[in-house]
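One structure is given below, encoded as structure tokens.
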Amino acid sequence: MSSATRNSSIDLIRTAALIGICVVNIPYLALTDSDPTATSPAYDHAAAFLIEFLFQGKFFLLFSLIFGWGIEIQARSAQRAGVALSSRYFRRLTGLALLGCLHATLVFTGDILLLYAVLGLLIWPLRNLSPRGLLKVALLMVVVEILSIALIVFLLSGAEEAAPTYALGGAFSEATLARLDEWPESFAFLFLYQGPLAFGAMLMGLAAAKSKFFDANSAGQQKLGRALPWLLPLALAINLFSASVSNDESLMGLVGLFSIAIGAPLLSTVYLYLLLRCGQWFSLPNVLIEAGRNSLSAYVSQGILAGLIFSSYGLDLFDSFGNAALLLIAIALALLAMSLTGLIAQQWGRGPLEAVLRRITYGPKRT
């Protein structure tokens, strides 16, 4: 893949995904309850609705797509080096799992790194499937997601809360102990709620790499472009419905919850196409290109910066802002995290966590 193509597609998608993930995560890190109350200002309700409608679950799938794409890139790298992919691959997953455990304990229980390590393990037996075969299994994940949501509804039917919280209140030691206590339940929730669709997106990414989907004007991109006129209104309609009834405890709310299994992948696909088109019109600044290539450090630094802003061991601004303000803060924080990561990568060749993961993957002798 040429540098220009990479800069205008893969790194742009990663950048957008990092911003979208930050927008979704920050309310959980900055508020006791991310859902506005009846007395909250109208603009906070509008911001919460906007996040649910356009962000929740969508950019996470884009991030997962690129993770799947990276598996094929790793396979090609191992082939060029004349080494077995398995040794590198499983060491990388081990490193990712270890970093995920540290991230979940010290920063954010909504960590996705351990989830990615587990899903990466599950995708290994499927890695040699054809692009068509991978797409078939990916589509099956929509059904698995619906069944998984049904299981969540059943398990939470007698619980007081419908989902775990990821607050940063309290001193660092208190917050760490709270994260340790909450993490098993949080991971189980993430695995059931986000795991099937994330796994499907990884399979799609692997298929995209094998079929050269990200090449300029590829057949896959052209086919997606032709589908956009019906894909866009359908995706918007389903996600508008699910966001509108997200707090409804009636049958409609339950239908809206299940519709996420279809609506989120559809809107993520629309975003993917739009980002690919945007990549043809402009290139990212070099600092964001480097951040995209070092997305692990950029992702983790979002939570670290959030801790410094909202926790009592930082600026102690927990519960100080509503959803509307947090939407703007999240975008600014994501860009700051990526800028810092990009600057470090420009200076040292790669992000700090990428250096750690690379050492685990390739061993201590590789530079």
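Starting from 1, each residue takes its place in the sequence as its number.
Defined by atom type and a distance below 3.5 Å, a donor-acceptor pair is missing between the side-chain atoms of Thr176 and Ser173.
One N or O on the side chain of Ser148 and one on the backbone of Leu192 form a donor-acceptor pair closer than 3.5 Å. A donor-acceptor pair under 3.5 Å is formed between the side chain of Ser244 and the backbone N or O of Leu240. Side-chain atoms of Ser246 come within 3.5 Å of backbone N or O of Ala243 as a donor-acceptor pair. Side-chain atoms of Gln221 do not come within 3.5 Å of backbone N or O of Ala216 as any donor-acceptor pair. Under the 3.5 Å distance criterion, the side-chain polar atoms of His103 are left unmatched by any main-chain donor or acceptor of Thr109. Proximity of a side-chain donor or acceptor of Arg350 to a complementary backbone N or O of Asn294 within less than 3.5 Å is not detected.
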From CA spacing to verdict: side chain to side chain contact (heavy atoms under 4.5 Å, CB included), Cys278, Phe282: CA-CA 6 Å; Cys278 288; Phe282 66 88; 3.7 Å; yes

May I have the step-by-step check of side chain to side chain contact (heavy atoms under 4.5 Å, CB included) for Arg92 and Leu357, ending in yes or no? CA-CA 7 Å; Arg92 185 177 183 85; Leu357 188 59; 3.8 Å; yes

Please evaluate residues Leu340 and Leu336 with respect to the criterion side chain to side chain contact (heavy atoms under 4.5 Å, CB included), reporting the C-alpha separation (whole Å), side-chain torsions for both, the decisive distance (0.1 Å), and the verdict. CA-CA 6 Å; Leu340 292 174; Leu336 175 61; 4.1 Å; yes

So His45 and Ser40, side chain to side chain contact (heavy atoms under 4.5 Å, CB included) or not? Walk me through it. CA-CA 7 Å; His45 284 274; Ser40 299; 3.8 Å; yes

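Scanning both residues, Leu135 and Ala207, for their nearest heavy atoms gives CD2-CB, 4.1 Å. Listed here is the closest heavy atom pair of Leu93 and Ala117: O-CB, 3.6 Å. The nearest pair of heavy atoms linking Ser34 to Asn323 is O-ND2, 3.1 Å. Taking every heavy atom of both residues into account, Leu231 and Leu224 meet most closely at CD2-CD1, 4.0 Å. Contact detail for Cys101 and Thr105: the closest heavy-atom pair is O-OG1, 2.8 Å. Closest approach of Ile13 to Leu276, counting heavy atoms only: CD1-CD2, 4.3 Å.
Residues passing the side chain to side chain donor-acceptor pair (under 3.5 Å) test with Asp319 are Thr32, sequence neighbours excluded. Scanning for ring-ring contact (aromatic ring centres under 6.0 Å, His included) contacts around Tyr193 gives Phe189, with sequence neighbours left out. Taking Asn128 as the reference, nothing meets the side-chain contact (heavy atoms from CB on, under 4.5 Å) condition, with sequence neighbours excluded. Checked against side-chain contact (heavy atoms from CB on, under 4.5 Å), Gln79 has no partners two or more places apart in sequence or in another chain. Residues meeting the side-chain contact (heavy atoms from CB on, under 4.5 Å) test with Arg91, sequence neighbours left out: Ser87, Arg88. Partners of Ala324 by side-chain contact (heavy atoms from CB on, under 4.5 Å), not counting sequence neighbours, listed by chain and number: Tyr43, Asp44, Ala47.
Annotation: side chain of Met204 is not in contact with side chain of Leu134 (no heavy-atom distance under 4.5 Å). Looking only at side-chain heavy atoms (C-beta outward), Gln222 and Asn217 come within less than 4.5 Å of each other. Between Leu119 and Gln194, the closest side-chain pair of non-hydrogen atoms is not below 4.5 Å. Residues Phe214 and Leu272 are in side-chain contact: their nearest non-hydrogen atoms beyond the backbone lie under 4.5 Å apart. Side-chain contact between Val23 and Ile331 is present, with heavy atoms from C-beta onward closer than 4.5 Å.
Cluster membership for Leu139 and Leu266, using ILVMFWY side-chain heavy atoms within less than 4.5 angstrom, is not shared. Leu122 and Val137 fall within the same hydrophobic cluster, where Ile, Leu, Val, Met, Phe, Trp and Tyr residues are linked whenever their side-chain heavy atoms come under 4.5 Å apart, directly or through other members. Side-chain heavy atoms closer than 4.5 Å link hydrophobic residues (I, L, V, M, F, W, Y) into clusters, and following such links, possibly through other members, connects Phe172 to Phe108. Two different hydrophobic clusters hold Leu180 and Leu99 under the rule that ILVMFWY side chains link at heavy-atom gaps under 4.5 Å. Taken together through direct or relayed side-chain contacts under 4.5 Å among Ile, Leu, Val, Met, Phe, Trp and Tyr, Phe321 and Leu328 form parts of separate hydrophobic clusters.
When each of Leu284, Ile19, Val287 is tested with Met338 by the rule side chain to side chain contact (heavy atoms under 4.5 Å, CB included), just one qualifies, namely Ile19.
Within the structure, every pair that satisfies the ring-ring contact (aromatic ring centres under 6.0 Å, His included) test and touches residues 78-102, not counting sequence neighbours, is listed here: Tyr89-Trp124, Phe90-Trp124. Pairs engaging residues 71-82 under the salt bridge (Lys or Arg N to Asp or Glu O under 4.0 Å) rule: Glu72-Arg76 [sequence neighbours left out]. Pairs engaging residues 126-155 under the salt bridge (Lys or Arg N to Asp or Glu O under 4.0 Å) rule: none recorded [sequence neighbours left out]. Applying the ring-ring contact (aromatic ring centres under 6.0 Å, His included) definition to pairs two or more places apart or across chains, none involves residues 220-257.
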Please output the side-chain donor-acceptor pairs of residues 50-67 that fall under 3.5 Å, not counting sequence neighbours, one pair per line with the distance.
from, atom 1, to, atom 2, distance (Å)
Lys58, NZ, Glu52, O, 3.2
Lys58, NZ, Phe53, O, 3.2
Lys58, NZ, Gln56, O, 3.1
Lys58, NZ, Asn239, OD1, 2.9
Ser64, OG, Phe60, O, 2.9
Ser64, OG, Tyr116, OH, 2.8

Extract all donor-acceptor atom pairs below 3.5 Å that involve side chains of residues 296-304 and protein atoms in other chains or at least two apart in sequence.
from, atom 1, to, atom 2, distance (Å)
Ser297, OG, Leu353, N, 3.0
Ser297, OG, Glu354, OE1, 2.5
Tyr299, OH, Ile112, N, 3.1
Ser301, OG, Ser297, O, 3.0
Ser301, OG, Ala298, O, 2.8
Gln302, NE2, Leu18, O, 2.9

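Here the CG-CD1 distance, from Leu267 to Ile238, works out to 10.0 Å after rounding to the nearest 0.5 Å. With rounding to the nearest 0.5 angstrom, the CG atom of Leu121 is 12.0 Å from the CG atom of Leu96.
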